Number of protein chains: 2
Amino acid sequence: MKHVNIKDVAREAGVSTTTVSYVLNQTPSQSISPETTERVWQAVRTLNYVPNLNARSLTSQKTNLIGVVIPQTEPGKEFMFANPFYGELLSAIEYTARRNGYHLLLSGPDPDQSYINIARNRSVDGIIIVGSYPSKSLNELHQLAVPVVLVDTYVKDDVFHTIGIDDRLGGQLATRYLLEHGHRDIAFVSGSVSEQGVVQKRFMGYMDALNEYGLSMNEKYLYLGTVSYDFAQSVAEEMRLRGNRETAAFATADILGMGLIKGLRRLGRRVPEDLSIVGFDDLDVARMSDPSLTTIHQNIAEKGRNAVQIILDAADGVSGKQERILPVSIVERDSVANLAPQGRINT
Amino acid sequence: MKHVNIKDVAREAGVSTTTVSYVLNQTPSQSISPETTERVWQAVRTLNYVPNLNARSLTSQKTNLIGVVIPQTEPGKEFMFANPFYGELLSAIEYTARRNGYHLLLSGPDPDQSYINIARNRSVDGIIIVGSYPSKSLNELHQLAVPVVLVDTYVKDDVFHTIGIDDRLGGQLATRYLLEHGHRDIAFVSGSVSEQGVVQKRFMGYMDALNEYGLSMNEKYLYLGTVSYDFAQSVAEEMRLRGNRETAAFATADILGMGLIKGLRRLGRRVPEDLSIVGFDDLDVARMSDPSLTTIHQNIAEKGRNAVQIILDAADGVSGKQERILPVSIVERDSVANLAPQGRINT
DNA sequence: ACCATTCACTTAACCGCTTCAGTAAATTCA
DNA sequence: TGAATTTACTGAAGCGGTTAAGTGAATGGT
């Protein structure tokens, strides 16, 4: 099946390829008669012509492609998008991009960081990078001529655009909520704390709240591992091993909160009666869990929309680094118990 | 920042662009001296040259791009990938593709079906279509020159490759499992039954199992809606309204099973004591639920890997339609109770 | 009525790369 | 040793578009 090209259309319509191009792109500076325009469209229809975007990109230097790099959530596992968080984010990105005539070029991060090359050799019009990466590999992105949007990465830099949430406030809200409900011994359950990641900020918020109440962080209450259901499940056991007496836990991801619930239940402990839990993200699964998870809400879709919008803006000539921070809020559900002064429990 | 091109490299290395091209692609039919080869690579390094894949694709007619079309799970919602099923599938696809030097061009289905054009104008090397679509829109894909892989679509056609699971057997296994546990009044909870979709097959399996036990389908036990947690939750209420006496339910997706659990609990009914449930898919969330969900396992990642492999094969010249069906099995967890003859319950 | 515009198009160069068809020198073979 | 082959390259066409510059004819202004 031969690819029909612009020449075929030109021949069919009895005009030059230039004219066809002008008609197709409705080039504003050029005037084409209505009759010719119609003839061209007619030819396009009869030949069922579709422009080759590769060729078009070659000259126009515009690809209408946005590169998206999404991390593995667990090292070694290939299922990076299995985490619903990324699914929702990617959905919003895809939808917004498509609404604006863009498509997505998707990639996980290669060990050899070839995702940088994607931006260069595919000539994407922009690139969205989700999650935290070693800053040295980010440095390589500086040589790029296209706008780069970092999602959920904390990095001091005045070239990359960033979009994120107020993670520190989120951590504070979560912890404060537990404090307000009478809890004083609050565990901190999370994946590893990296320099550029969100966990560090949430941890700072955790400490902020403790400080508000004149408390200080107790290292025995820190449970750091990976952002996975299984790790969180094991934390329940670890709590017992450490002989800790925490009455509540702040889990920095809903998945962690859910794993923790499961782990506790296995040991015969109940949520929230024996341990109150606040999660983070407000994924769909948070309300599906039993008990449903009190959590910090963030607007994931809005994050995705903003990421695309920043690139769209940049493509439209808006200059200067953009830095957007979306709000967070607490969603009260059923995983936190009120610890009355007497030590009695009221859910 | 000027794009450095092959000419710059040629000049730097003191050779022709042809030679550079041969070195870069290691064209087998051409012999280049080691010294020249080294000079070219040296030039590539000093200039930090990255080939423009757009230009390359233009001549070579190969893009190393695989188009992926993933449906919205709920009409009107933009979050098509939020369903963990698609996340896992997409992950496997992306990973396998990247391992083989391909990238993914991602798109949701436009109302105007422009995803067909993606295949044509972006000149992807293949296209993977997930989920069921109206067969007329599939017909348009026939004009494509690239291999098309349909995932989870039942369509009689000898052009499209297909990859799926034995949905009918899955439905049968699920239902039979309930029957084996003494259940006779078994609800069928699912999204809408479409011509090409998987639900229809699962429904047939449901009936197969009933027939095995000399039972026939009772229309009162059919609950059809959308594949969503919320719908399933409402089914619990609907069951009461209908005044039905089912002791078990086969939910054609894990999300439905989970929603059903939640809905029942809201009404003070317990799973599995009051209603036993078998789900489908064996998503991560199935084991996270409480009670954990007995479900039909399918290897989602394997599905994704196969989809890519089919395209890779076709690109390598393997001809003929491929049709792969992956096995299913039942995973026993905690959502099914044994209904003893006396009517007593043993979990 | 004459020059300046505007209109409606076309010609041709170019985007960055691949690849066919050469070509001159070095090597092999009889 | 001369012809045939191989080696190591190069020139130029072409992939399918876009776009700057150019060209007649029609229109406008005075």
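Remember, predicted model here, so these are calculated numbers, not experimental data. All chains are named by letter (A, B, ...) in the order of the sequence lines, taking the proteins before the strands, and each is independently numbered beginning at 1.
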Find the distance [X]:[atom1] to [N]:[atom2] and express it as a whole number of Å.
X: A:Q26; N: D:dT19; atom1: CD; atom2: P; value: 14 Å
X: A:I6; N: C:dA12; atom1: CD1; atom2: P; value: 17 Å
X: A:N25; N: D:dG16; atom1: CG; atom2: C1'; value: 13 Å
X: B:L58; N: C:dT19; atom1: CG; atom2: P; value: 12 Å
X: A:L53; N: D:dT18; atom1: CG; atom2: P; value: 9 Å
X: A:L47; N: D:dG16; atom1: CG; atom2: P; value: 14 Å
X: B:L24; N: C:dG16; atom1: CG; atom2: P; value: 15 Å
X: B:K7; N: C:dT18; atom1: NZ; atom2: C1'; value: 14 Å

Among all residues two or more places apart in sequence or in another chain, which pass the side chain to side chain contact (heavy atoms under 4.5 Å, CB included) test with [X]?
X: A:D313; answer: A:Q309, A:V318, A:Q322, A:R324
X: A:Y154; answer: A:D167, A:V198, A:K201
X: B:I325; answer: B:D166

* Structure fact -> Double-helix bend of the helix from C:dC2-D:dG29 to C:dA30-D:dT1, axes at both ends from 5 pairs, round to 10°, gives 40°
* Asked: Nearest to the side chain of B:Q61 - D:dG17, C:dC15, D:dG16?
  -> D:dG16
* Asked: Choosing from D:dG17, C:dT19, C:dC17, which nucleotide comes nearest the side chain of B:S21?
  ->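 Shortest atom-to-atom distance from the side chain points to C:dT19.
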Who are the salt bridge (Lys or Arg N to Asp or Glu O under 4.0 Å) partners of [X], not counting sequence neighbours?
X: B:E302; value: B:R305
X: A:K62; value: A:D125
X: B:D8; value: B:R11

* Phosphate OP1/OP2 of D:dC15: any A:N54 side-chain N/O under 4.0 Å ->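 A:N54 to D:dC15 OP1/OP2: no side-chain N or O under 4.0 Å.
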* Is any side-chain nitrogen or oxygen of B:N52 closer than 4.0 Å to OP1 or OP2 of C:dG16? ->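 Checking C:dG16 against B:N52, no side-chain N or O comes under 4.0 Å of OP1 or OP2.
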* To do: Do nucleotides 3-13 of chain D as a string where each nucleotide becomes B, S or -: B if the base has a protein heavy atom under 4.0 Å, S if just the sugar-phosphate does, - if no protein is that close.
  => ----SBBBBB-
* Under the salt bridge (charged side-chain N to carboxylate O under 4.0 Å, His left out) criterion, do A:R45 and A:E12 qualify, and how do the steps go? -> CA-CA 11 Å; A:R45 265 177 263 122; A:E12 173 81 15; over 6 Å; no
* Asked: So which pairs with a foot in residues 156-165 of chain B pass side-chain hydrogen bond (donor to acceptor under 3.5 Å, both in side chains), sequence neighbours left out?
  ->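 For residues 156-165 of chain B: B:H142-B:D157.
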* Measure from the side-chain N and O atoms of A:E94 to the backbone N and O of A:L104, and report whether any donor-acceptor pair falls under 3.5 Å. => no
